[in-house]
Each structure stands twice: as structure tokens, then as C-alpha cells.
Asker: 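Let me give you the structure first, and then I'll get to my questions.
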Amino acid sequence: MDAIMALCKRRGFIYQASEIYGGINGFWDYGPLGAQLKKNLRDAWWQDMIMNPAWGKRGPDGEKVRCVPLETCIIQHPKVWEASGHVAGFNDPMVQCTEEGCNKLFRADHLDAMLKESEWVRSLHDAVGPTAHGGKELLDTIAKWGSKSGKKLAPNLLIVRNFKFAMQQLEREYSFGNFTFSDVRYLAGAVAGLSVHQVSSGVKPCPVCGGMLSEPRQFNLMFDTITGAVRDPANKVYLRPETAQGIFVQFKNVVDTTRVRIPFGIGNTGRSFRNEVTPRNFTFRSREFEQAELEFFCHPDESHAWYKFWRDFRMEWWKSIGLAGENLILREHDKDELSHYSVGTSDVEYRFPFTAPGFGELEGIAHRGNYDLTQHQTHSKAKMEYFDTTRGETLPNGGKKGERYIPHCIEPAAGLDRGALALICEAYTVDPSRPSPEFLKLHPRVAPIKAAIFPLMDKDGLPEIAEKLADELFAKFGRSGFIEHDAKQNIGKRYARMDEAGCPYCFTIDADTVKDQTVTVRDRDTGSQQRIAIDKVSGFLLEKLGG
RNA sequence: GAGGGCGUAGCUCAGUGGUAGAGCGACACGUUGCCAACGUGUAGGUCGAGGGUUCAAGCCCCUUCGCCCUCUCCA
């Protein structure tokens with residue numbers, strides 16, 4: 001990964017944001033090649049998801065898939081985020097273990113579940129299980145566990161650290177009262193030295209070491225700022241943590257002002273912001289990032305078919321732009337992993353060098369039901385119902401009576417920065433047998449440099465021929481990427497530079513070109529060469545770039 | 001937020017208190033003319049930042065910023 005990061009900087013793909021001021025954690029800038037690579041990725045998404053959705057495939061209803069674009073604001077009305085659940089859900093209280101050498105960090109609302117899964121709690125539970133009712137016998141069992149398994153699994157439990165004191169307290173606190181050891185919270189609390197009262201009021205031991213936890217602290221996962229000329233906290237607004245809500249909020253307008261009919265999708269690309277606890281892994285977890293989200297609205301009865309449709313297509317799509325290998329997987333979420341609103345979610349995941357052998361999420365395809373539209377209808381009082389004139393019982397005149405419903409929504413939400421990073425990681429290849437061992441096998445469709453034109457020598461009229469060819473190619477392909485033109489230095493170095501930049505084809509003008517109007521085409525991935533007529537170059541490139 | 005590692009030329013790094021270094025890269029000129037080639041030369045550094053100790057700090061101490069790894073979260 002270090003080699004990839006070094007190449008990204010060396011060739012101008014990705015720089016650290018504000019680098020000359022020491023950088024700023026969780027923010028990254030794209031250099032010239034990175035900016036173009038990401039634009040190509042965004043354009044490919046726009047083309048294949050909105051302009052020609054799913055490559056013109058027919059959906060589960062047998063019709064062509066219809067989608068429209070939208071561009072909504074980063075700052076929305078604060079109530080949008082109350083309705084969406086982000087104000088509540090994105091302010092998770094965190095607790096931290098205070099024991100030296102542990103200091104683990106947990107989400108407070110996950111603690112109960114983590115305690116149940118905790119190794120030492122399970123061991124204790126197993127030991128105590130059969131004798132859970134006996135008074136003296138139970139104390140003996142716990143004491144025995146504390147001096148053996150407890151010592152090994154949870155060194156910071158009170159019963160391990162101060163056995164005598166812990167046992168005294170246990171006897172005093174837990175010999176009577178309204179609690180039961182079949183509730184692991186009390187069982188775990190007892191050996192950690194917590195009183196019944198403390199456990200009842202929510203105090204818990206560390207699931208890892210059994211030590212004391214800090215008070216819950218608020219972690220602010222949404223960035224906020226203040227609108228208006230006067231700095232008044234009453235005017236607090238948030239930077240969006242996802243683009244999706246802008247789409248839901250404008251759903252009604254899109255339906256009312258365009259001729260879309262259910263089923264259809266609304267796509268939106270743009271920046272989102274999350275104040276990540278720990279930005280990490282290069283651009284993978286950034287605090288400012290770009291999403292490409294489609295919200296696809298359909299009738300509840302068809303929602304599962306559409307969910308499968310988009311899940312499968314999104315997987316195919318990522319393959320089509322170069323993530324074709326074993327590093328790409330589709331993973332269906334387990335039931336207990338689903339968000340509170342979701343009835344089904346799968347992730348397109350890529351095996352990044354820093355996640356290997358595990359995978360990191362590129363895109364989530366979520367079946368969101370009608371959660372979001374319903375939430376906004378409740379909070380805003382605006383009707384989100386759709387009147388579907390193709391449904392309902394048939395009328396005598398042959399028309400349909402119609403049906404009102406709040407549409408269900410399938411959300412394929414891709415991370416463009418993660419996508420760009422995955423493309424780079426997948427493309428990065430090292431072959432020590434090549435003169436230029438490091439190169440990027442970028443798919444021609446996303447490659448930021450589409451072609452390079454080199455005069456073999458910087459004299460004898462060759463530069464002029466090269467320049468003319470470069471101008472021609474630029475006119476035809478310049479919208480989708482750079483056409484490089486370089487006459488300096490020996491040809492090997494120029495090829496090597498293009499290899500690192502991921503340029504798929506180099507065209508070289510030599511002395512023969514002057515005689516027979518042919519040029520050399522060099523293929524980046526194989527290094528092989530062939531001669532073609534100079535007037536066939538743009539046709540060759542058109543075919544290779546796929547339009 | 002806690003722990004660990006790191007920060008010296010564009011890049012990779014050497015430099016254990018006494019004149020700021022190497023290789024690669026960049027640039028110029030020359031030779032060669034299809035794969036990071038050769039020769040000559042040039043430019044490039046407040047040693048991440050701030051403070052302290054010392055006659056003297058890249059090196060020792062304190063603070064701070066950033067990166068990487070681990071813990072939590074996620075597109």
C-alpha cells in the first residue's frame with residue numbers, strides 16, 4: 001500500500017490536503033491525473049445509471065429502466081436530518097475503558113450486545129449456569145472462576161485484582177435483592193465489583209478486560225455550521241452525511257414537474273461529510289468524500305425484484321470498469337447487521353491491500369422500504385404518496401381505478417473516492433522483469449491519460465508530425481482524458497512514465513513514419529508493439545477506448 | 001480519545017552532540033535512437049513546527065501537527 005500511495009503522489013493522482021501546512025487529518029486532494037480519473041469514474045456512473053440506466057437492460061417489469069438526475073444542496077434544512085434519523089443516530093455516545101493497557105473504545109448502545117459476546121462473560125456464564133440458584137454454592141463457583149478462568153480472560157476484574165474485597169462486596173450486595181444472574185449484566189457487574197444499584201443504572205464493565213469504563217462521551221459525527229450574518233446557535237445547520245436525503249426531500253417535486261412514472265430512479269452525485277472518529281486507510285475513510293447515489297422508487301410488491309436487479313447490475317458495472325478479479329465480492333448483509341430502516345442490504349466490497357484478507361465497502365445496495373419518504377411525510381406534513389394510474393381495479397371504460405401508496409426505495413450508493421482508490425489498487429501491478437516494473441493497468445474507459453504521442457527523436461521533422469497527430473487525437477478524445485505529447489528524454493523513460501500514469505497506448509513517430517506514414521503503437525500491459533498507418537490511429541483508439 | 005511506530009532534497013533513505021550527505025528523479029548540453037541507457041554540468045534543505053538544555057542540537061528534553069498500525073463507526 002505504501003508503494004501505491006507513493007505512486008499516487010509521484011504521478012499526481014492524490015495529494016494530502018493542505019500539505020504545506022502540515023496536512024489535515026481525513027482530507028485528501030486529487031492531483032491532475034486523480035481529478036481526471038475520478039471524473040471519468042463519475043461520468044461512467046452518470047452515463048450507465050442515469051442517461052442509459054443499466055446499459056439499456058430491461059428491468060423486472062420488462063420495461064426499460066428510467067432515471068433522472070438531480071443536484072441537491074450540501075446544506076439542507078436541519079429538520080431533514082431529524083427526520084432521517086441522523087441527528088439522533090449520528091451522535092453515538094462512546095465509552096472508553098479506563099484501564100491502562102486496554103483503553104478500548106465502544107459505542108455505548110452496543111455494550112450490552114458486546115458483553116453477551118465477551119469471552120470472559122461467556123466463560124463466567126457457563127461456569128455459573130447450573131448452580132445459578134444456590135447461595136453459598138454459587139459464591140464458591142464464582143470465587144473459583146475468578147481465581148482461574150477470570151484471571152486469564154479478564155485481568156482487570158475486581159475479583160481478580162482484589163479477591164477478598166470483591167468477595168465481601170459480592171456477598172453483601174448480591175445475597176438478596178431484585179436481580180437475577182441469568183441476566184448477564186448482573187453476573188458480569190458482580191465480579192467487576194459493581195453494586196446492584198450501579199448495574200441497574202446502566203454501569204457496565206469492559207467487555208474485553210473487565211475494567212472500569214469512562215462516562216459516555218458524545219461523538220459528533222455530523223459537521224455543523226451556522227447560517228446567517230449573525231452567529232446565532234439557533235441557526236445551526238449540518239453538512240450532509242449522505243446525498244440521499246436531498247433526493248427524498250425533492251421526490252415530490254420531481255414527480256410533479258417531470259413526466260416520470262413509477263418505477264423510476266433519481267440520481268445525485270456530490271460531496272458528503274462525516275466527522276469520522278478515526279479517518280484511516282488513505283482516502284478510504286475520509287471526512288469529506290463524494291458519493292454517487294441512485295434512489296430507485298417502485299411499488300412495494302416489486303421492490304424485492306428491483307433490489308435484486310440493482311444489486312446484480314452494480315456488481316456487473318464495477319467489473320466492467322476494471323475490477324474484474326477475485327478482489328471484488330458481493331456480500332449480502334446478515335439480518336442483525338441491517339440498519340434500522342432496511343429490510344435488505346448487500347455490499348459490493350473490494351479487497352484493498354489494507355483490508356486484505358478482508359474486504360472494504362465500495363457501494364451499499366440497500367432496500368430502504370418506504371422508511372425515508374414516510375419519515376419526511378411525518379416530519380414535514382407534506383404528502384409523499386404517489387398516485388399510480390396503472391394499478392387498481394379495471395374500470396368499465398377500460399382504464400384503471402388507480403392506487404395510492406408511498407413508494408419503496410432501492411438505494412445503490414457508491415463511494416466515488418473509494419471507487420477511484422479501488423481502481424488504482426486493482427490496476428497497480430509490479431513486474432520485475434519489465435524495464436518499468438511498476439505500472440497501472442487502468443481500464444481505458446477510466447484512464448486519465450488516453451494516449452501519448454512521442455517523436456522518437458526531437459529533430460528531423462518528427463516533433464512536427466507528432467504534434468499534428470496529438471492535436472487530432474485531442475480534438476477527438478480530449479473530453480475524456482489527456483493526450484500527452486512529449487519529446488524529451490529517451491523513449492524508455494517516456495514509456496515508463498506513461499506506464500505509471502496508466503496510459504493504455506503510446507504512439508511513436510520515427511524515421512520510417514516520414515517514409516511510409518506508419519507509427520508504432522505500444523501496448524501498456526504487454527509492452528508489445530505493432531505498426532499501423534498514421535491515419536488509422538484515431539480509429540484504433542476509438543475502438544480500444546470503447547467510444 | 002488510548003497505545004505503538006514514523007517524520008532529513010521531488011522520491012527512497014544514511015547520518016548516536018562538532019562544516020547537511022548518497023542513490024534515484026528533475027533541468028541543461030552532448031552522444032545514442034524503441035523500453036527508467038551513457039557522459040558533463042546545474043538547481044534543489046529554516047532536518048515536520050514551536051520552545052528548552054548546551055560553547056555547540058538533525059541527534060538530548062518538553063509541547064504540537066501530520067502519516068501508518070490497533071480499538072469504535074461507515075459510503
Side-chain angles (χ1 to χ4, degrees), chain A residues 1-3 5-7 9-12 16-27 89-90 92-111 114 206-208 214 217 219 221 241-244 272-287 289-293 339 347-349 354 360-366 411-419 421 434-439 454-460 462 488-500 506 508-512 519-522 527-529 531:
Chain A
M1 194 61 213
D2 288 347
M5 289 172 71
L7 187 147
K9 180 170 182 194
R10 187 165 71 238
R11 290 297 164 212
Q16 191 181 16
S18 310
E19 193 185 83
I20 61 168
Y21 288 99
I24 173 164
N25 196 1
F27 297 89
F90 265 54
D92 301 314
M94 309 287 283
V95 292
Q96 184 163 24
C97 180
T98 57
E99 305 299 337
E100 203 141 329
C102 182
N103 293 116
K104 296 276 190 296
L105 194 65
F106 309 100
R107 260 179 68 166
D109 60 329
H110 285 181
L111 264 184
M114 294 187 75
C206 172
V208 175
S214 69
R217 277 192 306 246
F219 271 70
L221 261 54
E242 62 172 18
T243 56
S272 293
F273 303 82
R274 291 183 194 179
N275 190 15
E276 296 289 349
V277 180
T278 314
R280 236 192 351 205
N281 290 335
F282 203 21
T283 59
F284 184 77
R285 181 173 291 124
S286 304
R287 289 186 164 136
F289 58 100
E290 185 166 352
Q291 296 182 299
E293 293 195 289
S339 320
D347 287 343
V348 176
E349 297 189 332
F354 48 78
E361 183 176 356
L362 270 191
E363 167 160 357
I365 299 102
E411 175 196 82
L416 288 182
D417 306 271
R418 289 181 174 188
L421 184 59
R434 287 166 60 113
S436 53
E438 276 183 294
F439 64 111
F454 299 145
L456 188 58
M457 298 157 272
D458 194 11
K459 59 184 180 190
D460 302 337
L462 304 188
K488 301 281 182 188
Q489 294 189 319
N490 78 64
I491 195 72
K493 277 189 191 177
R494 285 180 274 170
Y495 285 154
R497 244 200 305 273
M498 287 303 110
D499 283 348
E500 281 199 340
C506 296
T508 303
I509 316 295
D510 59 18
D512 288 347
V519 299
T520 306
V521 187
R522 174 184 176 276
S528 65
Q529 300 188 351
R531 283 199 87 84

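What's counted below: heavy atoms across the whole structure, side chains too, no hydrogens, waters or symmetry copies. First the proteins, then the strands, lettered A, B, ... as listed; each starts at 1.
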Asker: Toward the 5' end of RNA chain B, which comes first, Glu293(A) or Val519(A), by nearest nucleotide?
Answerer: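 Between the two, 5'-proximity favours Val519(A).
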Asker: Is the backbone N or O of Gly492(A) less than 3.5 Å from a side-chain atom of Asn490(A), with the two atoms forming a donor-acceptor pair by type?
Answerer: yes
Asker: Please measure how far the P atom in rG3(B) lies from the corresponding atom in rA43(B), and state the result in whole Å.
Answerer: 47 Å
Asker: Would you mind pulling out the nucleotide paired to rC38(B), Watson-Crick or G-U wobble, both distances under 3.5 Å?
Answerer: rG30(B)
Asker: Answer with yes or no after comparing the ring centroid distance for Phe282(A) and Phe354(A) against a 6.0 Å cut-off, counting only values under it.
Answerer: no
Asker: Any strand counts, and the cut-off is 3.5 Å on both contacts for Watson-Crick or G-U wobble. Which nucleotide pairs with rC71(B)?
Answerer: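 For rC71(B), the partner nucleotide comes out as rG1(B), under the 3.5 Å rule.
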Asker: Between rU53(B) and rG15(B), how far is it from one C1' atom to the other, in whole Å?
Answerer: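 One C1' to the other, the span is 22 Å.
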Asker: Roughly how far apart, to the nearest Å, are rA26(B) and rC67(B) at atom P?
Answerer: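 The same atom, P, in both gives a distance of 29 Å.
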Asker: Given the C1' atoms of rA14(B) and rU70(B), what is the spacing between them in whole Å?
Answerer: 30 Å
Asker: Between rC27(B) and rU8(B), how far is it from one C1' atom to the other, in whole Å?
Answerer: 23 Å
Asker: Using both distances under 3.5 Å as the test, list the Watson-Crick or G-U wobble partner of rU54(B), or none.
Answerer: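 Per the H-bond distance test, none.
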Asker: Tell me if the side-chain of Glu349(A) makes a donor-acceptor pair with the base of rA75(B), cut-off 3.5 Å, by modelled atom types.
Answerer: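 Answer no: no donor N or O sits under 3.5 Å from an acceptor.
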Asker: Among rA75(B), rC34(B), rC69(B), which nucleotide sits nearest the side chain of Phe289(A)?
Answerer: rA75(B)
Asker: Distance between the P atoms of rG5(B) and rG51(B), in whole angstroms?
Answerer: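 Result for the P pair: 26 Å, nearest Å.
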Asker: Pick the C1' atom in rC68(B) and in rC61(B), then give their distance to the nearest Å.
Answerer: 25 Å
Asker: Taking all atoms of both residues into account, what is the closest heavy-atom pair of Ala511(A) and Met457(A), and its distance?
Answerer: N-CE, 4.3 Å
Asker: Between rU19(B) and rC59(B), how far apart are the two C1' atoms, rounded to whole Å?
Answerer: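 It works out to 16 Å between them.
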Asker: Which of these passes salt bridge (Lys or Arg N to Asp or Glu O under 4.0 Å) with Glu500(A): Arg494(A), Arg434(A), Arg10(A), Lys9(A)?
Answerer: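 The passing option is Arg10(A).
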Asker: Is it the case that the base of rC74(B) and the side chain of Arg285(A) share a donor-acceptor contact (distance under 3.5 Å, atom types as modelled)?
Answerer: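 Flag set: donor-acceptor pair detected.
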Asker: For rG7(B), give its Watson-Crick or G-U wobble partner with both distances under 3.5 Å, or none.
Answerer: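 Pairing partner, where one exists within any strand: rC65(B).
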Asker: Flag this pair as yes if the NZ/CZ of Arg287(A) is under 6.0 angstrom from the six-membered ring centre of Phe273(A) and inside a 45 degree cone about the axis; otherwise no.
Answerer: no
Asker: Decide yes or no, distance alone: a donor-acceptor N/O pair under 3.5 angstrom between the base of rC34(B) and the side-chain of Gln529(A).
Answerer: yes
Asker: On RNA chain B, does the nearest nucleotide to Phe282(A) precede the nearest nucleotide to Ile509(A) from the 5' side, or the other way round? Give the residue.
Answerer: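 So the residue in question is Ile509(A).
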Asker: Tell me the partner of rG25(B), counting only Watson-Crick (N1-N3 plus N6-O4 or O6-N4) or G-U wobble (N1-O2 and O6-N3) with both under 3.5 Å; none if nothing fits.
Answerer: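 Across any shown strand, rG25(B) pairs with none.
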Asker: Going by modelled atom types, is there a donor-acceptor pair between the base of rC74(B) and the side chain of Arg418(A) at under 3.5 Å?
Answerer: yes
Asker: Name the nucleic acid region contacted by Phe284(A), choosing base, sugar-phosphate or nothing; use a 4.0 angstrom heavy-atom cut-off, strictly under.
Answerer: base
Asker: With distance as the sole criterion, do the side chain of Arg522(A) and the base of rC35(B) form a donor-acceptor contact below 3.5 Å?
Answerer: yes
Asker: Using modelled atom types only, decide if a donor and an acceptor are shared between the side chain of Arg418(A) and the backbone of Leu362(A) within a distance under 3.5 Å.
Answerer: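 Not a single qualifying donor-acceptor pair exists.
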Asker: Is Tyr495(A) stacked on the base of rA36(B) when the test is centres under 5.5 angstrom and planes under 30 degrees?
Answerer: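 Per 5.5 Å and 30° rule: no stacking.
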